[in-house]
Colleague: 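Okay, handing you the structure first.
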Amino acid sequence: MAFAESLCQSLIQINMLDEDENQYYVNQTVIDRALTELYTDLTADKEPQESTVMLAVLLINSGLFKQYFPKDEGKQLKLQLKEVARSDDYPLISDVIKKK
């Protein structure tokens with residue numbers, strides 16, 4: 001419990017979480033920023049960051065990906081993920097993507 005509380009307090013300090021009467025919640029600004037970074041990183045002309053790919057895989061596996069991205073953009077991002085899965089530079093990510 002102390003670990004979780006400490007983690008939440010750290011996230012509050014960097015504006016990643018809000019607190020209201022000892023309940024923690026992610027604010028909409030953080031969600032919007034994370035989705036924008038995810039989209040930008042996956043559509044850039046360079047290999048995406050591992051954390052970005054893992055977030056995208058989590059969104060896809062949870063069914064939330066469709067909620068945040070329109071169909072055409074979602075297709076484009078999923079194609080990019082497949083390209084990353086084929087890359088030898090990211091074996092762990094490649095394994096995760098292939099198993100989903």
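Nothing here was measured: the structure is a model prediction, and the numbers come from that model.
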Colleague: Answer yes or no: is there a side-chain heavy-atom contact under 4.5 Å between L77 and F65?
Modeller: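 With C-beta onward as the side chain, the pair touches.
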Colleague: Would you mind reporting whether E37 and T52 have side-chain heavy atoms less than 4.5 Å apart?
Modeller: no
Colleague: One pair to check against side-chain contact (heavy atoms from CB on, under 4.5 Å): Y39 and L35. What are the steps and the verdict?
Modeller: CA-CA 6 Å; Y39 181 82; L35 292 172; over 6 Å; no
Colleague: Measuring only between side-chain heavy atoms, which start at C-beta, is P48 closer than 4.5 Å to Q80?
Modeller: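 Touching, per the 4.5 Å side-chain cut-off.
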Colleague: Would you check if Q76 and T43 make a side-chain contact, meaning some heavy-atom pair closer than 4.5 Å?
Modeller: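 Counting from C-beta outward, Q76 and T43 do come under 4.5 Å.
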Colleague: At what distance, to the nearest 0.5 angstrom, does OH of Y68 lie from CG of L38?
Modeller: 11.5 Å
Colleague: Calculate, to the nearest 0.5 Å, the distance between atoms CG and CE belonging to N61 and M54 respectively.
Modeller: 9.5 Å
Colleague: Could you give the distance from CG (L55) to CG (L64), rounded to the nearest 0.5 Å?
Modeller: 10.0 Å
Colleague: E19 versus Q9: any side-chain heavy-atom pair under 4.5 Å?
Modeller: yes
Colleague: Just wondering, do V53 and L42 contact through their side chains at under 4.5 Å, heavy atoms?
Modeller: yes
Colleague: Identify whether L79 and L81 are in the same connected component of the hydrophobic contact network (ILVMFWY, side-chain heavy atoms under 4.5 Å).
Modeller: no
Colleague: Can you tell me how far the CD atom of Q67 sits from the OG atom of S62, to the nearest 0.5 Å?
Modeller: 8.5 Å
Colleague: Is the number of heavy atoms from other residues, nucleotides or ligands within 6.0 Å of CD (Q23) greater than 12?
Modeller: no
Colleague: Is the closest side-chain heavy-atom distance between K66 and L59 below 4.5 Å?
Modeller: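 A side-chain contact is absent here, since even the closest heavy-atom pair is not under 4.5 Å.
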Colleague: Rounded at 0.5 Å granularity, tell me how far CD in E5 sits from CD1 in I12.
Modeller: 9.0 Å
Colleague: Taking a hydrophobic cluster as the set of Ile, Leu, Val, Met, Phe, Trp and Tyr residues connected by side-chain heavy atoms closer than 4.5 Å, whether directly or through intermediates, do L58 and L11 fall within one such cluster?
Modeller: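 Different hydrophobic clusters.
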Colleague: Got a sec, which residues hit side-chain contact (heavy atoms from CB on, under 4.5 Å) with K71, two or more places apart in sequence or on another chain?
Modeller: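 Partners of K71 by the side-chain contact (heavy atoms from CB on, under 4.5 Å) criterion come out as none, since no residue qualifies.
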